[in-house]
Amino acid sequence: MKIQPTRGTHDLYGEQLSKYRIIEKIVQTNANIYDFFDVVTPIFESTDLFKKPLGEESDVVLKEMYTFKDRNDSMLTLRPEHTTPMLRAAISNNFLEKLPVKLYGMGPVFRRERPQKGRYRQFNQINFEILGTDSVMADVDLILLADKILKNILPNNKINLYINSLGDKNTLILFKKELSNFFKNHAKDLSEESQNKVLSNPLRILDSKNVIDQEINKSSPKISNFFSKDENNKFLSVQNLLKEVSIKYIINPNLVRGLDYYCHTVFEFKSDELGSQDTLIGGGRYDGLVKLLGGPDIPGVGWAGGIERLILLMNNNQKINNKIHFILMDQKFQSYGLQILNELRKNNLKVYFDYKYNLKKSLSQANQLNTEHVIIIGENEVNKNLCTLKNLKKNSQKTITLDQLIKILAQ
Ligand code: HAM
């Protein structure tokens, strides 16, 4: 058996890595337009950073974190998300003196879930956060940004936006109690997984994928019945602003998100083309989280998207290889060849030299790589101080000067 990557992890290369790089560029361009600045945080942090904020009873903390003891006995965890490390970085580095602060980042996160299509143990997230404003404009701005990035990456895919509100922390506490009571009465009919959550985490029963749980959920208490006028108005404003900019949304009263820190607006962008791991982007408001981490009492809102899931949906257009394949027919033409190569690169041309010194093998490789342009240097070219340019797509070739060659290839 060949050596393989660890279960739930994968190497990124070729087509997939090209798509990853395209996503990176799109994210950076839009982050710039929306005026976010990027932060790269460490891959591991103190375990305490995650436990309470994500929820001691959340699946991530209970089952999925990669936690280990350091040599000095302190507990460390590979980050299972970016939000808490980003907020920690904002506090540690005094970003919060002038508000609001708009941060973004990208990179690997780690969760020990059961691997399947679209679900990995190491995966990459795009992450945006706005700290220090409770304006619903920030919620909507972030949804618009997510919508724009998704449309740039996946222009032809149908993606639905689901929204809900969880009210403020006190409402959520009351609602959880009521929900717990409701599920206690239905406990024997719930799936085993949901039965375990009746007391500890009843909110998560609402987004259970089990059909019987879903049937029971239809008659469960609805959080909107617990809203004050203010909470209601806040949610209505989000909806009105979304209508204002023609963003279609579906209200899903069972959308609760998997992490504990959320309140008010929560949202998810989903695709029908991904099977069960269908959420591309998820996020919402988390007022109180910065304070919980030891910072000032300021509100926050943000989202994260899974890069691997986006890659799964991106088209496989076999692009023509834009590299120029450079062939030296014999080692004895090295010094002439090197001068030509050097001039081409000085002119910023992307040249691939295969070091083969064998015309047949090189042409066959250029074909396999789907290359369009090939430069061939042999006896004739060296003697006449010229180069041969072959177009493999058009099946044509001409022998020309270096200046002519550069002119053609630079187009
Ligand atoms: P999350 O919903 O846990 O939210 O993850 C966000 C996205 O990461 C998901 O929508 C999905 O695309 C991707 N994802 C999650 N788990 C996996 C996995 N095992 N394999 C592949 N992709 C996955 C958060 O992480 C929050 N921090 C989002 C946030 C930011 N809320 C406010 N600010």
Side-chain angles (χ1 to χ4, degrees), residues 11-34 38 104 106 124 126 148-156 307 310-311 313-411:
D11 303 305
L12 272 177
Y13 58 92
E15 183 92 27
Q16 280 201 336
L17 189 56
S18 309
K19 289 176 181 172
Y20 186 99
R21 298 288 178 229
I22 292 171
I23 294 173
E24 243 175 2
K25 270 209 189 119
I26 290 176
V27 170
Q28 279 158 358
T29 306
N30 284 296
N32 196 25
I33 293 169
Y34 274 76
D38 60 339
Y104 87 101
M106 269 179 280
N124 291 279
I126 306 160
K148 183 160 185 279
I149 287 177
L150 286 173
K151 284 191 174 125
N152 285 171
I153 298 173
L154 303 167
N156 303 317
I307 296 186
L310 296 170
I311 290 176
L313 290 180
M314 284 169 85
N315 279 339
N316 265 333
N317 15 346
Q318 224 223 342
K319 277 194 297 183
I320 290 183
N321 185 349
N322 66 352
K323 280 185 281 192
I324 301 152
H325 202 114
F326 189 81
I327 303 174
L328 272 190
M329 286 169 69
D330 196 290
Q331 294 227 33
K332 65 181 180 209
F333 308 131
Q334 265 178 170
S335 58
Y336 182 76
L338 188 62
Q339 285 173 49
I340 304 281
L341 264 178
N342 202 27
E343 286 305 313
L344 293 171
R345 286 172 177 154
K346 273 193 206 159
N347 282 277
N348 298 328
L349 291 163
K350 189 170 163 182
V351 192
Y352 172 75
F353 178 37
D354 65 10
Y355 309 101
K356 283 195 166 56
Y357 311 105
N358 181 317
L359 184 62
K360 210 170 149 207
K361 278 191 189 157
S362 291
L363 282 176
S364 141
Q365 186 184 26
N367 268 315
Q368 277 167 21
L369 293 172
N370 205 25
T371 307
E372 181 168 15
H373 294 294
V374 176
I375 297 169
I376 303 169
I377 305 292
E379 188 98 49
N380 182 36
E381 287 77 10
V382 175
N383 288 341
K384 295 191 178 144
N385 202 15
L386 296 170
C387 313
T388 292
L389 176 64
K390 191 172 173 68
N391 188 316
L392 291 180
K393 298 292 159 203
K394 295 184 183 150
N395 214 2
S396 62
Q397 90 172 45
K398 49 191 163 194
T399 301
I400 48 182
T401 63
L402 176 63
D403 283 350
Q404 289 170 319
L405 181 73
I406 290 170
K407 233 184 214 161
I408 295 173
L409 294 176
Q411 278 170 6

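By convention here, the first residue in the shown sequence is residue 1. Heavy-atom basis, side chains included; hydrogens, waters and symmetry copies ignored.
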Asker: If you measure from NZ on K398 to CG on N391, what distance do you get to the nearest 0.5 Å?
Answerer: 8.5 Å
Asker: Side chain to side chain contact (heavy atoms under 4.5 Å, CB included) between K148 and I33: does it pass, once the steps are laid out?
Answerer: CA-CA 11 Å; K148 183 160 185 279; I33 293 169; 3.7 Å; yes
Asker: Please list, chain by chain and in numerical order, all residues satisfying side chain to side chain contact (heavy atoms under 4.5 Å, CB included) with T401, sequence neighbours excluded.
Answerer: L386, D403, Q404
Asker: Does any non-hydrogen side-chain atom of I126 lie less than 4.5 Å from one of Y104?
Answerer: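 Counting from C-beta outward, Y104 and I126 never come under 4.5 Å.
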Asker: Write down the atom of Y357, the atom of D330, and the distance for their closest heavy-atom approach.
Answerer: CD2-C, 3.7 Å
Asker: Identify each donor-acceptor pair in which a side-chain atom of residues 374-381 lies under 3.5 Å from a protein atom, sequence neighbours left out, and give them as a table.
Answerer:
unit_1	atom_1	unit_2	atom_2	d
N380	OD1	K384	NZ	3.1
E381	OE1	G378	N	2.9
E381	OE2	T388	OG1	2.3

Asker: When you compare the side chain of L369 with that of K323, does any pair of heavy atoms fall below 4.5 Å?
Answerer: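 Heavy-atom side-chain distance check fails, nothing below 4.5 Å.
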Asker: What is the distance from atom CG of L17 to atom CG of L12, rounded to the nearest 0.5 Å?
Answerer: 5.5 Å
Asker: Are the side chains of L405 and L344 in contact, using a 4.5 Å heavy-atom criterion?
Answerer: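 Sidechains of L405 and L344: in contact.
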Asker: Drop me the distance from I324's CD1 to L389's CG, to the nearest 0.5 angstrom.
Answerer: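 Taking CD1 in I324 and CG in L389, the distance rounds to 8.5 Å.
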Asker: May I ask you to decide if N367's main-chain N or O and T371's side chain share a donor-acceptor pair within less than 3.5 Å?
Answerer: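 The answer is no, because no donor-acceptor pair under 3.5 Å joins these two groups.
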Asker: Would you compute the distance between atom CD1 of I307 and atom CD1 of I23 and round it to the nearest 0.5 angstrom?
Answerer: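 Here the interatomic distance stands at 6.0 Å.
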Asker: Look only at the side chain of S364 and the backbone of K360, and say whether a donor-acceptor pair between them is shorter than 3.5 Å.
Answerer: no
Asker: For K346, enumerate each residue passing the salt bridge (Lys or Arg N to Asp or Glu O under 4.0 Å) test, keeping only those at least two apart in sequence or located in another chain.
Answerer: E343
Asker: When you look at L328 and Y336, which way does the side chain to side chain contact (heavy atoms under 4.5 Å, CB included) test go after all the steps?
Answerer: CA-CA 9 Å; L328 272 190; Y336 182 76; 5.9 Å; no
Asker: Got a donor-acceptor contact below 3.5 angstrom from the N30 side chain to the I26 backbone?
Answerer: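 The answer is yes, because a donor-acceptor pair under 3.5 Å joins these two groups.
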Asker: Are the side chains of N152 and T29 in contact, using a 4.5 Å heavy-atom criterion?
Answerer: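 Contact flag for T29/N152 side chains = no.
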Asker: Verify side chain to side chain contact (heavy atoms under 4.5 Å, CB included) between I327 and K356, making sure each step is shown before the conclusion.
Answerer: CA-CA 8 Å; I327 303 174; K356 283 195 166 56; over 6 Å; no
Asker: Do N370 and K393 meet the criterion of a side-chain donor-acceptor pair at a distance under 3.5 Å?
Answerer: yes
Asker: Measuring from atom CE of M314 to atom CD of Q16, what distance do you get when rounded to the nearest 0.5 angstrom?
Answerer: 10.5 Å
Asker: So, do N347 and L409 sit near enough that their side-chain heavy atoms are less than 4.5 Å apart?
Answerer: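 A side-chain contact under 4.5 Å is absent here.
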Asker: Can you list the steps and then say if I340 with L402 is a side chain to side chain contact (heavy atoms under 4.5 Å, CB included)?
Answerer: CA-CA 7 Å; I340 304 281; L402 176 63; 4.0 Å; yes
Asker: About how many Å separate CD of E15 and CD1 of I311, when rounded to the nearest 0.5 Å?
Answerer: 10.0 Å
Asker: Taking all heavy atoms of F333 and all of V382, pick out the closest pair and write down the distance.
Answerer: CD2-CG2, 3.6 Å
Asker: Show the nearest heavy-atom pair for residues F353 and F326, with the distance to one decimal.
Answerer: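 Answer, listing the atom of F353 first, then F326: CD1-O, 3.3 Å.
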Asker: Indicate the atoms forming the closest heavy-atom contact of S362 with H325, along with that distance.
Answerer: O-NE2, 3.8 Å
